[in-house]
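Data block below; observations after.
All values reported here derive from a predicted model rather than from experimental measurement.
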Amino acid sequence: MTDYGHELAFGGFITPAADQFEQVVALAKLCEQVNLDLVTFQDHPYQPGFLDTWTLMSFVAAATSRIRLAGNVLNLPLRQPVVLARSVASLDLLTGGRVELGLGAGAFWEAIEAVGGRRLSPGQAVDALDEAIQVIREAWDTERRDMVRVEGEHYRVVGAKRGPAPAHPVGIWVGAYKPRMLRLVGRAADGWLPSLSYLPNGPAELSGMNALIDESAEAAGREPRSVRRLLNVSGRFARSSSGFLAGPPEQWVEELAGLTLDHGISAFILGADDPTAIRLFAQEVAPAVRELVAAERAAST
């Protein structure tokens with residue numbers, strides 16, 4: 001049993017379809033209206049059928065007042081780290097601290113290369129992400145008076161000025177699945193953000209992946225609980241059960257609470273473009289999961 005004790009959060013993961021832009025914005029605003037904590041969007045800059053994620057986040061930020069926003073996850077190979085750091089800090093300042101940084105090492109390399117990005121091997125992609133996180137943290141660290149200097153193999157920054165600093169300590173949440181990436185999460189990230197649908201054996205894989213993160217965190221002198229565990233989830237609401245996260249809201253409550261208590265997941269982000277599913281998730285599932293987890297935590301102390 002691994003519960004890292006974080007406050008629970010619930011969010012939406014909305015497809016940024018360019019041909020349905022009005023619906024995309026309406027769904028993002030709905031997430032705020034039904035009291036979700038977070039709204040997120042995938043980032044594939046080489047996909048002309050999608051709205052640009054950063055532009056969309058900025059528009060949604062102006063159309064909302066409370067909900068937090070994040071890319072899920074931003075495509076690092078096509079977003080230069082210093083510029084990304086300043087973009088995140090700027091939007092965080094403009095929104096009063098409502099932005100988090102979901103970050104990915106990259107995938108779909110042919111598409112990335114087709115629009116001018118560099119094709120990287122899996123090992124190179126991990127190294128580049130490691131360097132980028134260092135650059136971003138340096139750019140945000142305005143307490144220091146020297147210039148940013150990172151002599152990386154993939155990102156070389158030679159005297160960039162620091163700032164602006166974000167309005168709040170922005171979390172860097174990394175999408176990761178393979179051992180080397182998981183170790184990077186434990187060593188350098190604030191959160192781990194995988195998708196349940198990408199785990200071939202479902203929740204059973206979380207224990208081993210968490211263990212790699214924890215071991216890496218401890219080796220770096222960090223507390224394992226300093227790395228928040230988030231999870232993109234999808235499923236189906238129905239009257240009767242037909243599998244994991246496929247059934248009535250009460251089933252979702254039991255299964256999500258189990259993911260918190262057994263695997264330390266403290267943020268659940270629903271991949272759905274259906275307003276009814278978003279409302280059920282926010283109004284029937286989220287409050288009940290919070291209540292059940294609070295009761296279990298109280299009983300165990």
Distance-only criterion, 3.5 Å: show the donor-acceptor pairs between side-chain atoms of residues 10-26 and protein atoms not counting sequence neighbours.
from : atom 1 : to   : atom 2 : distance (Å)
T15  : OG1    : D273 : OD2    : 2.8

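- Tested against F268 for a side chain to side chain contact (heavy atoms under 4.5 Å, CB included), the candidates L245, L196, L259 yield a single pass: L259.
- The salt bridge (charged side-chain N to carboxylate O under 4.0 Å, His left out) pairs that include a residue from residues 23-42 are D37-R290, where partners are two or more places apart or lie in different chains.
- P224 places none of its side-chain heavy atoms less than 4.5 Å from the side chain of I213.
- Put simply, the side chain of W173 does not reach to within 4.5 Å of the side chain of L103, judged on heavy atoms.
- Counting heavy atoms from C-beta outward, R228 and D190 have side chains that stay 4.5 Å or more apart.
- When side chains are defined from C-beta on, P81 counts as touching L76, because their heavy atoms get closer than 4.5 Å.
- A distance of 10.5 Å separates CG in L206 from OG1 in T2, rounded to the nearest 0.5 Å.
- In summary, R236 and D274 do not engage in a salt bridge, as defined by a charged side-chain N under 4.0 Å from a carboxylate O.
- The number of heavy-atom neighbours closer than 6.0 Å to CZ of R297, taken from other residues, nucleotides and ligands shown, is above 12.
- The side-chain heavy atoms of L93 and P164, taken from C-beta on, include a pair separated by under 4.5 Å.
- Sorted by first and then second residue, the side chain to side chain donor-acceptor pair (under 3.5 Å) pairs involving residues 48-59 (not counting sequence neighbours) are D43-T53, D52-T55, D52-R79.
- In E143, the CD atom is not crowded: 12 or fewer heavy atoms of neighbouring residues, nucleotides or ligands sit closer than 6.0 Å.
- Put simply, the side chain of Y177 gets close to the backbone of S195: a donor and an acceptor are under 3.5 Å apart.
- Paired with F41 under the rule side chain to side chain contact (heavy atoms under 4.5 Å, CB included), one option of V73, V60, L51, L74 passes, and it is V60.
- For the pair A125 and W109, the tightest heavy-atom approach, listed with the atom from each and the gap, is CB-CZ2, 3.9 Å.
- H44 and F108 have perpendicular rings, their planes meeting at more than 60° on a 0 to 90° scale where under 30° would count as parallel.
- With hydrogens and angles ignored, the 3.5 Å screen pairs no side-chain donor or acceptor of E113 with any backbone N or O of R118.
- In terms of modelled atom types and a separation under 3.5 Å, the side chain of Q124 and the main chain of S121 share a donor-acceptor contact.
- Considering only heavy atoms from C-beta on, R119 comes within 4.5 Å of E110 through its side chain.
- Although no hydrogens or angles enter the test, the distance criterion places no donor-acceptor pair under 3.5 Å between the side chain of R149 and the main chain of V157.
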Practice problem: Please step through side chain to side chain donor-acceptor pair (under 3.5 Å) for the pair R162 and T142, ending with a clear verdict. | Solution: CA-CA 6 Å; R162 299 176 185 273; T142 56; over 6 Å; no
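- Applying the salt bridge (charged side-chain N to carboxylate O under 4.0 Å, His left out) definition to pairs two or more places apart or across chains, those involving residues 206-216 are D214-R229.
- Not a single donor-acceptor pair under 3.5 Å links the side chain of E223 to the backbone N or O of S226.
- Clustering of Ile, Leu, Val, Met, Phe, Trp and Tyr side chains at separations under 4.5 Å leaves Y4 isolated, with no partner residue.
- No side-chain donor-acceptor contact under 3.5 Å links E138 and Q134.
- Pairs of residues two or more places apart, or lying in two chains, that qualify as salt bridge (charged side-chain N to carboxylate O under 4.0 Å, His left out) and include a residue from residues 83-100 are R68-E100.
- For Q283, the CD atom is densely surrounded, since the number of other residues' heavy atoms within 6.0 Å is greater than 12.
- Side-chain atoms of H6 come within 3.5 Å of backbone N or O of R225 as a donor-acceptor pair.
- Counting only heavy atoms from C-beta outward, the side chains of F237 and T276 never approach each other to under 4.5 Å.
- Linking ILVMFWY side-chain heavy atoms closer than 4.5 Å, directly or via other members, places L212 and V174 in a single hydrophobic cluster.
- Going from atom CG of L270 over to atom CG of L280 covers 10.0 Å, rounded to the nearest 0.5 Å.
- Side-chain contact between L8 and T260 is present, with at least one heavy-atom pair separated by less than 4.5 Å.
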Practice problem: In sequence, state the C-alpha distance, the side-chain angles, and the governing distance for R183 and D130, and then conclude on salt bridge (charged side-chain N to carboxylate O under 4.0 Å, His left out). | Solution: CA-CA 11 Å; R183 293 188 184 97; D130 198 355; over 6 Å; no
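- Checked by atom type and distance alone, the side chain of Q251 pairs as donor or acceptor with a backbone atom of G243 at under 3.5 Å.
- Checking side-chain atoms of T40 against main-chain N and O of N72 turns up no donor-acceptor pair under 3.5 Å.
- For P248 against S241, the heavy-atom pair with the smallest separation is CD-N, 4.2 Å.
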